[in-house]
There are 2 protein chains.
Amino acid sequence: MPTRTAEQRRAEEAVVFNAFLAACPTRQVMATIGDKWAGLVVNALADGARRHGELRTTIAGASQKMLTQTLRTLERDGLVTRTVTPTVPVRVDYELTDLGLTLLPVLRAVKNWSEAHILEVQTARDAYDARPA
Amino acid sequence: MPTRTAEQRRAEEAVVFNAFLAACPTRQVMATIGDKWAGLVVNALADGARRHGELRTTIAGASQKMLTQTLRTLERDGLVTRTVTPTVPVRVDYELTDLGLTLLPVLRAVKNWSEAHILEVQTARDAYDARPA
DNA sequence: CAGGATCCCATTCGATACTG
DNA sequence: CAGTATCGAATGGGATCCTG
């Protein structure tokens with residue numbers, strides 16, 4: 001008899017795999033740009049710097065909390081810069097970094113695929129949902 | 001005095017925006033491929049059909065529940081096919097559809113960017129985390 | 001072998017209120 | 001204007017048990 005059952009072995013493999021998964025570059029990036037708001041923010045900054053309030057109104061659906069949180073994440077990842085002008089009241093501008101700019105083509109690729117194939121996806125969904133239970 | 005305050009107006013705009021957001025093709029697609037497991041599954045199927053159990057061991061980190069759930073989503077979106085062979089025991093194969101295949105270049109684009117820039121991202125993160133509180 | 005059903009914890013996100 | 005803090009609802013995701 002083996003010292004470990006198949007289930008135990010699988011559990012251990014899962015741990016290893018999850019560690020690998022956490023280190024996977026693609027997943028780390030996906031976790032950022034696949035974020036609900038991050039893509040929209042990057043897009044909003046594509047044409048140049050924007051103030052916090054501008055983004056707030058441009059991306060009307062984001063709560064102030066999520067907007068700030070998203071910007072922090074992007075800033076931490078080196079994709080945007082945060083510039084504070086200590087006037088009264090304070091002025092804060094966000095702008096894509098060079099690294100952030102290189103991300104735009106990737107986002108466009110996703111956007112292009114989406115717009116090109118969303119109808120097929122939608123059709124497939126409708127068909128699936130209309131299937132006999 | 002206006003019949004609606006600025007806050008009320010913003011709240012209404014947010015509702016409209018969220019409706020728009022839900023319909024946004026890019027977000028819908030991002031919601032699928034940005035999923036924790038979907039990308040890995042599509043990748044695992046890139047070279048051809050795989051059985052449920054094969055995927056289970058290939059993607060060791062996914063619980064059986066999440067694997068099935070992910071496959072259902074992909075199937076619903078028309079990205080993979082699910083083929084049941086009614087032997088005993090049952091055999092189920094999953095394979096990318098033509099539509100699913102067109103998604104591979106997009107995933108590769110993300111993967112390429114990730115691998116090319118993850119070090120910069122990591123460096124930025126370290127610098128951010130090491131900042132004076 | 002494939003996968004449905006349940007339970008349950010962790011995280012996410014939104015709404016609200018408050019600070020410099 | 002920009003940002004932080006807190007609370008509660010909703011969701012995601014894992015473990016386990018059970019069925020055809």
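Here is how names work: the chains are called A, B, and so on, in the same order as the sequence lines, proteins then strands, and each is numbered from 1.
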ask   = Under 4.0 Å between a side-chain N/O of A:W37 and OP1 or OP2 of C:dT12, yes or no?
value = no
Can you find a heavy atom in the side chain of B:N112 that is under 4.5 Å from one in the side chain of A:V106? no
Legend entry - Check: B:W113 side chain, A:P105 main-chain N or O, donor-acceptor pair, under 3.5 Å: no
Next item on the list: Mark yes or no for whether A:R76, through its side chain, and B:V121, through its backbone, hold a donor-acceptor pair below 3.5 Å.
Entry: no
Worksheet entry | Check: D:dG3 base within 3.5 Å donor-acceptor of A:Q64 side chain | yes
- Report yes if the side chains of A:T68 and A:Q64 come closer than 4.5 Å at any heavy-atom pair, otherwise no. yes
Exercise for review: Ignoring backbone atoms, establish whether B:Y94 has a side-chain N or O less than 4.0 Å from OP1 or OP2 of C:dC1.
Suggested key: no
B:I59 atom CD1 is separated from D:dG14 atom P, nearest whole Å, by 12 Å
Here the distance between atom P of D:dC1 and atom CG of A:L67, to the nearest Å, is 14 Å
Is it true that a side-chain atom of B:T81 and a backbone atom of B:T97 form a donor plus acceptor pair closer than 3.5 Å? no
Of B:R82 and A:M66, the one whose nearest nucleotide on DNA chain C sits closer to the 5' end is B:R82
So the ring pair (Phe, Tyr, Trp, His ring centres under 6.0 Å) pairs with at least one residue in residues 6-59 of chain B (sequence neighbours excluded) are B:F17-B:F20
Does B:K65 place a side-chain N or O at less than 4.0 Å from the phosphate oxygens OP1/OP2 of C:dA2?
no
Taken to the nearest whole Å, CD/B:E54 to P/C:dG3 is 13 Å
In whole angstroms, the gap separating P of D:dC1 from CG of A:L55 amounts to 14 Å
Requested in this report: Decide if atom CG of B:D98 counts as having more than 12 heavy atoms of other residues, nucleotides or ligands within a radius under 6.0 Å.
Outcome: no
- Query: Are any of B:R56's side-chain N or O atoms less than 4.0 Å away from OP1 or OP2 of C:dG3?
  - Reply: no
B:E12 CD to C:dA15 P, in whole Å, measures 14 Å
Kindly say if B:R51 contacts the phosphate of C:dA2, meaning a side-chain N or O under 4.0 Å from OP1 or OP2.
yes
Distances under 3.5 Å between protein N/O atoms and the N/O atoms of nucleotides 18-20 of chain D, please, pair by pair.
none

task: Answer yes or no: is there an ion pair linking B:R125 with A:D77, defined by an N-O contact shorter than 4.0 Å?
output: yes
Checklist entry - Should A:D35 and A:T73 be marked as a side-chain contact (heavy atoms from CB on, under 4.5 Å) after you check the CA-CA gap, both sets of side-chain angles, and the distance that decides it? => result CA-CA 10 Å; A:D35 177 84; A:T73 301; over 6 Å; no
Query raised in the report: Phosphate oxygens OP1/OP2 of D:dG14: is one of them under 4.0 Å from a side-chain N or O of B:K36?
Result: yes
Here the distance between atom P of C:dG14 and atom CD of B:E13, to the nearest Å, is 17 Å
The bend of the helix from C:dC1-D:dG20 to C:dG20-D:dC1, taken between the axes of its five terminal pairs at each end and rounded to 10°, is 40°
Residue pair B:L71/A:Q69 against DNA chain C: nearer the 5' end by closest nucleotide is B:L71
Whole-Å distance, A:E75 CD to D:dA2 P, equals 15 Å
- Message: Run A:T70 and A:K36 through side-chain contact (heavy atoms from CB on, under 4.5 Å) and show every step you take.
- Response: CA-CA 9 Å; A:T70 301; A:K36 187 172 180 182; over 6 Å; no
Separation of D:dG12 atom C1' from B:D35 atom CG, nearest Å, is 10 Å
